[in-house]
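Structure first, commentary second.
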Amino acid sequence: MSTAILTGPPAPGSSLDGDLRSLGFDVKAASGADEAGALLAAVPAGERVALVDPRFVGHVHALRLALTDPRFPAAAAPGALTAQSGARPALARALTAAGTSGTDDLTGTLADALDADGVAVHRPQLGTLVATVPADAEARHEARAAVDAVDDEAVRLRSAVKAHDGFFTTFFISPYSRYIARWCARRGLTPNQVTTASLLTALIAAGCAATGERGGYLAAGVLLLVSFVLDCTDGQLARYALKYSTMGAWLDATFDRAKEYAFYAGLALGAARNGDDVWALALGAMILMTCRHVVDFSFNEANHDATANTSPTAALSDRLDSLGWTVWARRMIILPIGERWAMIAVLTAVTNPRIVFWALIIGCAFGACYTTAGRVLRSLTRRAKRTDRAAQALADLADSGPLAGIVARVLARTGPRLPGVVLAAVATGALLATVLARPFGDRQIVIIAVFYVVLSGAAVARPLKGALDWLVPPLFRAAEYTTVLVLAARSDSAHALPAAFGLVAAVAYHHYDTVYRIRGGTGAPPARLVRVTGGHEGRTLLVTVLAALLADRGDDFTLALTALAVAVALVVLVESIRFWVSSGAPAVHDEGETA
């Protein structure tokens, strides 16, 4: 239970007391700033406290937005202010100072004082919602008429949907999923429960696909769409009920990848039942998708707080967005999650896994080329100064292990002055060219892998502040994942590709976990985790060595990949779960649509 303190006696006929109680507040009334301070001191330190002007007139949803959002230490709207436990000391100081000022707008004065004290006060955009403190009876009458003129429940439903979403999600899912979200809210369901239901539905869909039968494929396609509806519903429920959490952000982010990759595995198993081995295509689709996401994440982090962040390409993009129809066309051609899942579901139901994977690979490759080319042009034409924070984020996304760290320390002062992206590109190109050209188990691949280790260390020896240095992490992802794919595909070891799929999935989870920690403002995973998992260069070198040593030993390469996959998965999952369950990170929810 949170506590709301009215800073004076309630106005006659006001529903404010009941509105606050409906939002979960225990309401107390004070006669002024001094008594409000005493009531504030009596509230347990860990509780949220709200101060509300008793003259307040407005929608209940305006109060909900201002007083119950868990993502912000303090928030305010006209006539209302809230502070969570971390901001309580600053609020107490501001209230003490305000007690002698005799201000008529106590909550507004306190909000300004919190800002001045270093506590960022969130002020939600209310739009057509009313939140005001009328000065006299006539103004109060006009405010009440304005409240009656706007349906706050309709506003609440509209605001539950993302402002910028994909075409398929906007026109085929959100028109009814918002009502599912409201139904869930009224029955006390949480976003995390809906997220879990979405995961379970997708896993059942994967199981249906794994049967390899037409009926199973049809059921898999339908269930995958149901899973996506639930995936949209969880975020809409979080926005509708303002139930944001650190755990929810983690589940929402990671379960999307788990669902999609589990479905890939189900399709591959189903195809195998019919004598068609598509594991290489499944792994290729997963690699392409992950590398594409790393391009998105790296570019955004590199330019998160860059100055002079403009370019002719960005200006052209803005002009295209202003034309209306081009917005939807440009969102659709990159095959975002809504369009992608719809395509997978339909093709699964009416075709076969091989066609599904080729459609995925072609569509995602086109989208990746389109977005990457645009970002390269922006980076080359803008004159932006990138910060130390951005360079550190790129270094964390690079996932360089102890071997690259040793090289980086040696070369930090004496090494080549080439840009990091050039060194990463040379390292990746040399490794992949050798892996593709040489036979499985060739010792020369190990030699080039050592060369890759050296160049990858040199690439991160200096801060990644170059115009194209945001390409370093995706280049490393492409090198590691593709090396595993090619070696497994060329191995004579039975079931090497499914084992490689498991290994890349485990490593990709680690990389996504790193991304969402950085985006959540908590920083990268601990250095010990990167050391234990070897970093991208250590794992790549290890896989090439295993291939060379076990080339002529039957299924030993498969067993080695399986053991490595299990080890990496256990280590990264244990650390990830430990962090997200116990993290003191602020409550967040991912508002972006990951392509």
Search all heavy atoms of [X] against all heavy atoms of [Y] and return the closest pair with its distance.
X      : Y      : answer
Gln193 : Gly188 : OE1-O, 4.3 Å
Leu561 : Ala499 : CB-CB, 3.8 Å
Val407 : Val454 : CG1-O, 3.3 Å
Leu541 : Ala449 : CD1-CB, 3.7 Å
Thr514 : Ala524 : CG2-CB, 4.4 Å

When rounded to the nearest 0.5 angstrom, what distance separates [atom1] in [X] from [atom2] in [Y]?
X      : Y      : atom1 : atom2 : value
Ile445 : Thr540 : CD1   : OG1   : 12.5 Å
Tyr370 : Leu335 : OH    : CG    : 13.5 Å
Asp396 : His511 : CG    : NE2   : 11.5 Å
Leu281 : Ile355 : CG    : CD1   : 11.5 Å
Leu475 : Thr428 : CG    : OG1   : 4.5 Å
Ile334 : Asp296 : CD1   : CG    : 7.5 Å

Under a 3.5 Å cutoff, is there a donor and acceptor pairing between the side chains of [X] and [Y]?
X      : Y      : value
Ser400 : Glu537 : no
Gln444 : Thr434 : no
Tyr516 : Ser576 : no

Would a 4.5 Å heavy-atom cut-off, applied to side chains only, mark [X] and [Y] as touching?
X      : Y      : result
His293 : Arg257 : yes
Arg340 : Leu360 : yes
Leu471 : Phe299 : no
Val572 : Thr533 : yes

Taking only residues two or more places apart in sequence, or in another chain, which ones meet Leu251 in a side-chain contact (heavy atoms from CB on, under 4.5 Å)?
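Asn192, Thr195, Met247, Phe255.
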
Can you name the residues that form a side-chain contact (heavy atoms from CB on, under 4.5 Å) with Val295, not counting sequence neighbours?
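For Val295, the residues satisfying side-chain contact (heavy atoms from CB on, under 4.5 Å) (neighbours in sequence not counted) are Thr372, Arg375, Trp470, Pro474.
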
Got a sec, which pairs hit ring pair (Phe, Tyr, Trp, His ring centres under 6.0 Å) with one end in [range], sequence neighbours left out?
range            : value
residues 269-288 : Trp279-Phe501
residues 533-559 : Phe440-Phe557, Tyr452-His536, Phe476-His536
residues 190-213 : none
residues 347-369 : Tyr264-Phe357

Phe168: partners by ring pair (Phe, Tyr, Trp, His ring centres under 6.0 Å), with sequence neighbours left out:
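Phe168 satisfies ring pair (Phe, Tyr, Trp, His ring centres under 6.0 Å) with Phe172 only.
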
Under the rule for ring pair (Phe, Tyr, Trp, His ring centres under 6.0 Å), what residues qualify as partners of Tyr179, not counting sequence neighbours?
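Testing Tyr179 for ring pair (Phe, Tyr, Trp, His ring centres under 6.0 Å), a comparison that skips the adjacent residues, returns none.
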
Sequence neighbours excluded and cut-off under 3.5 Å, please list the side-chain donor-acceptor pairs for residues 213-232, or say none.
residue, atom, partner, partner atom, Å
Arg214, NH1, Thr348, O, 3.3
Arg214, NH1, Ala349, O, 2.8
Arg214, NH1, Thr351, O, 3.1
Arg214, NH2, Thr351, O, 2.5
Ser227, OG, Ser198, O, 2.8
Ser227, OG, Ser198, OG, 3.1
Asp231, OD1, Lys259, NZ, 3.2

Looking at Glu575 and Arg517, does any basic side-chain N land under 4.0 Å from a carboxylate oxygen?
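Yes, Glu575 and Arg517 are salt-bridged.
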
Please determine whether a side-chain nitrogen of the Lys or Arg among Glu301 and Arg519 lies less than 4.0 Å from a carboxylate oxygen of the Asp or Glu.
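Salt bridge flag = no for Arg519 with Glu301.
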
Could you walk me through whether Val194 and Thr190 pass the side-chain contact (heavy atoms from CB on, under 4.5 Å) test, one step at a time?
CA-CA 7 Å; Val194 178; Thr190 67; over 6 Å; no

Should Asp252 and Asp234 be marked as a side-chain contact (heavy atoms from CB on, under 4.5 Å) after you check the CA-CA gap, both sets of side-chain angles, and the distance that decides it?
CA-CA 8 Å; Asp252 187 56; Asp234 66 357; 3.0 Å; yes

Which residues pass the side chain to side chain donor-acceptor pair (under 3.5 Å) test with Asp276, sequence neighbours left out?
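So Asp276 forms a side chain to side chain donor-acceptor pair (under 3.5 Å) with Arg354.
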
Partners meeting salt bridge (Lys or Arg N to Asp or Glu O under 4.0 Å) with Arg490 (sequence neighbours left out)
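Applying salt bridge (Lys or Arg N to Asp or Glu O under 4.0 Å) to Arg490 gives none.
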
Mind checking salt bridge (Lys or Arg N to Asp or Glu O under 4.0 Å) for Asp469 and listing every partner two or more places apart, or none if nothing turns up?
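Salt bridge (Lys or Arg N to Asp or Glu O under 4.0 Å) check on Asp469 returns nothing, list empty.
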
Count the heavy atoms of every other residue, nucleotide or ligand shown that sit under 6.0 Å from CG of Asp492, and state whether that count exceeds 12.
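12 or below, so no.
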
Within 45° cone of Tyr240 ring axis and under 6.0 Å: Arg156 NZ or CZ
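Cation-pi check for Arg156 and Tyr240: passes.
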
Test Asp399 against Arg539 for salt bridge (Lys or Arg N to Asp or Glu O under 4.0 Å), laying out the working first.
CA-CA 11 Å; Asp399 191 33; Arg539 291 187 299 269; 2.7 Å; yes

